Amino acid sequence: MATDKTQSHMQTSQKSNGAARGRRHARSAYSKAEMVEIFRRFSIQRPEPKGELEHVNPFTLVVAVALSAQATDVGVNRATRKLFQIADTPEKMLALGEEGVIEHIKTIGLYRNKAKNVIALSKMLIDEFGGEVPKTREELIRLPGVGRKTANVVMSMAFGIPTLAVDTHVFRIANRLKMAPGTTPDAVEDNLLRVIPKEYLFHAHHWLILHGRYTCKARKPECEHCIIADLCRYPAKTCDVPAPLAELPAQMIGAAALAEHE
């Protein structure tokens with residue numbers, strides 16, 4: 001039989017664990033039906049959403065996503081277009097060398113450390129994975145410069161495995177809209193996976209990113225252009241009337257997007 005001291009410790013531990021679960025699984029402000037409607041509208045607006053990082057295979061996708069930390073997709077695409085033309089495999093990247101990589105990506109923030117990681121992950125892919133990008137999260141996050149977000153993006157975009165990568169846009173949307181509140185990216189990911197309708201999960205990552213990038217912007221949300229303005233629980237929203245629901249023009253990605261920004 002447990003002593004009073006042991007029972008007290010167990011009760012404290014249970015309360016602590018319960019509080020932790022409560023913090024991690026913060027309640028969504030939306031009903032299941034509302035979540036279905038939100039993602040139904042996203043699916044009509046962007047039937048085939050795509051990531052905006054230019055890449056030609058799983059390896060260049062890993063590199064591009066790793067380079068995108070604290071950088072814009074447009075800036076990364078501008079830097080990698082020529083890089084991927086001459087180094088689209090781990091072997092070619094390793095042969096290019098750290099200084100060679102730096103020459104191509106020096107317009108990107110933290111380029112020296114990123115170049116070091118690109119060479120290190122290329123070597124690991126050759127030494128431990130036969131030059132092929134692994135498909136599991138556990139293996140991907142072993143690669144230098146690859147964290148959970150990058151692994152999730154690669155699993156989804158390269159291998160068609162439903163995941164939910166939480167970048168700054170997704171983190172902001174989940175908390176601002178009270179969709180899946182969380183204090184860390186991992187908590188937000190966990191909460192989003194619990195509330196996003198399964199039939200919409202595969203594209204959810206890109207829908208949330210694109211909504212955050214082009215409509216629910218960080219500094220000044222464009223509520224008048226929002227197709228879910230009537231459902232949105234953001235306390236400071238400036239419009240309650242949803243924008244007309246219509247399919248947007250096809251996304252411009254890679255070279256076309258770069259030309260648009262020049």
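In this text, all values refer to a predicted model and were calculated from it rather than measured experimentally.
A 4.5 Å side-chain heavy-atom check between Leu208 and Phe42 finds at least one atom pair inside the cut-off. At least one side-chain heavy atom of Glu247 sits less than 4.5 Å from a side-chain heavy atom of Pro47. Looking only at side-chain heavy atoms (C-beta outward), Phe129 and Glu139 come within less than 4.5 Å of each other. Looking only at side-chain heavy atoms (C-beta outward), Ile209 and Val170 come within less than 4.5 Å of each other. Contact of the Leu96 side chain with the Leu83 side chain is registered, since non-hydrogen atoms from C-beta on lie closer than 4.5 Å. With a 4.5 Å cut-off on side-chain heavy atoms, Lys178 and Pro235 count as touching. Using a 4.5 Å cut-off on side-chain heavy atoms (C-beta onward), Met157 and His206 make contact. Put simply, the side chain of Met155 reaches to within 4.5 Å of the side chain of Leu140, judged on heavy atoms.
When the side chains of ILVMFWY residues are joined at heavy-atom separations under 4.5 Å, either directly or via intervening members, Val62 and Ile86 end up in a single hydrophobic cluster. A single hydrophobic cluster is seen to contain both Ile38 and Leu193, as judged by linkage of ILVMFWY side chains at heavy-atom distances under 4.5 Å, directly or through other members. Linking ILVMFWY residues whenever their side-chain heavy atoms come closer than 4.5 Å, directly or via other members, leaves Leu53 and Phe202 in distinct clusters. Under a hydrophobic clustering in which Ile, Leu, Val, Met, Phe, Trp and Tyr are joined whenever their side-chain heavy atoms come within less than 4.5 Å, directly or via other members, Ile141 and Leu125 fall into different clusters. A continuous path of Ile, Leu, Val, Met, Phe, Trp and Tyr side chains, each step under 4.5 Å between heavy atoms, connects Val133 with Ile161, placing both in one hydrophobic cluster.
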Phe59 vs Leu121, side chain to side chain contact (heavy atoms under 4.5 Å, CB included): CA-CA, chis, key distance, verdict
CA-CA 10 Å; Phe59 170 68; Leu121 74 83; 3.9 Å; yes
Begin from the C-alpha positions of Glu48 and His203 and carry the test side chain to side chain contact (heavy atoms under 4.5 Å, CB included) through to its verdict.
CA-CA 8 Å; Glu48 293 294 332; His203 287 312; 3.8 Å; yes
Could you walk me through whether Cys226 and His211 pass the side chain to side chain contact (heavy atoms under 4.5 Å, CB included) check?
CA-CA 8 Å; Cys226 179; His211 185 66; 3.6 Å; yes
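Residues Ala87 and Lys92 share a closest heavy-atom pair of CA-CB, 3.7 Å. Between Asp240 and Pro242, the shortest heavy-atom contact is O-CD, 3.7 Å. Contact detail for Ala243 and Glu224: the closest heavy-atom pair is CB-O, 3.8 Å. Of all heavy-atom pairs between Ile108 and Ala71, the closest is CG2-CB, 3.8 Å. Across all their heavy atoms, Ala115 and Ile102 have their closest contact at CB-CG1, 3.5 Å. When all heavy atoms of Ser68 and Asp73 are compared, the closest pair comes out as CB-OD1, 4.3 Å.
Within the model, atoms CD of Gln45 and OH of Tyr214 stand 12.0 Å from one another, a figure rounded to the nearest 0.5 Å. Separating the CG atom in Leu192 from the NE2 atom in His205 is a distance of 11.5 Å, to the nearest 0.5 Å. Note that CZ of Arg40 is 12.0 Å distant from CD of Glu199, once rounded to the nearest 0.5 Å. Within the model, atoms CG of Asp167 and NE2 of His169 stand 5.5 Å from one another, a figure rounded to the nearest 0.5 Å. Rounding to the nearest 0.5 angstrom, the gap separating the CZ atom in Phe159 from the CG atom in Leu61 is 8.5 Å. Interatomic distance, CG of Leu143 versus OG1 of Thr150, reported as 10.0 Å (0.5 Å rounding).
In terms of modelled atom types and a separation under 3.5 Å, the side chain of Arg172 and the main chain of Cys216 share a donor-acceptor contact. Arg233 contributes a side-chain N or O that, together with a main-chain N or O of Leu231, makes up a donor-acceptor pair within less than 3.5 Å. Side chain of Lys114 to backbone of Gly109: a donor-acceptor contact under 3.5 angstrom is found. For Asn191 (side chain) and Pro181 (main-chain N/O), a donor-acceptor pair under 3.5 Å exists by modelled atom type. In this structure, the side chain of Asp88 does not engage the main chain of Asn57 through any donor-acceptor pair within 3.5 Å. Asn175 places a side-chain N or O within 3.5 Å of a backbone atom of Gly182 that can act as its donor or acceptor partner. Without hydrogens or angle criteria, Asn77 side chain to Glu52 main chain gives a donor-acceptor distance under 3.5 Å. Side chain of Thr215 to main chain of Glu222: no donor-acceptor pair is present (N/O by atom type, distance under 3.5 Å, no hydrogens or angles). With hydrogens and angles ignored, the 3.5 Å screen pairs no side-chain donor or acceptor of Ser156 with any backbone N or O of Asn152. A donor-acceptor distance shorter than 3.5 angstrom exists from the side chain of Lys237 to the backbone of Ala229, with no hydrogens or angles considered.
Around the CD atom of Glu132, the shell of radius 6.0 Å holds no more than 12 heavy atoms that belong to other residues, nucleotides or ligands.
Just one residue in the list Glu99, Glu98, Met124 forms a side-chain contact (heavy atoms from CB on, under 4.5 Å) with Ile119, and that residue is Glu98.
Residues Glu37 and Arg41 are paired through a salt bridge, judged by an N-O separation under 4.0 Å between the basic side chain and the carboxylate.
Taking the six-membered ring where the residue is Trp, Tyr200 and Phe39 present parallel rings, their angle staying beneath 30° rather than reaching 60°.
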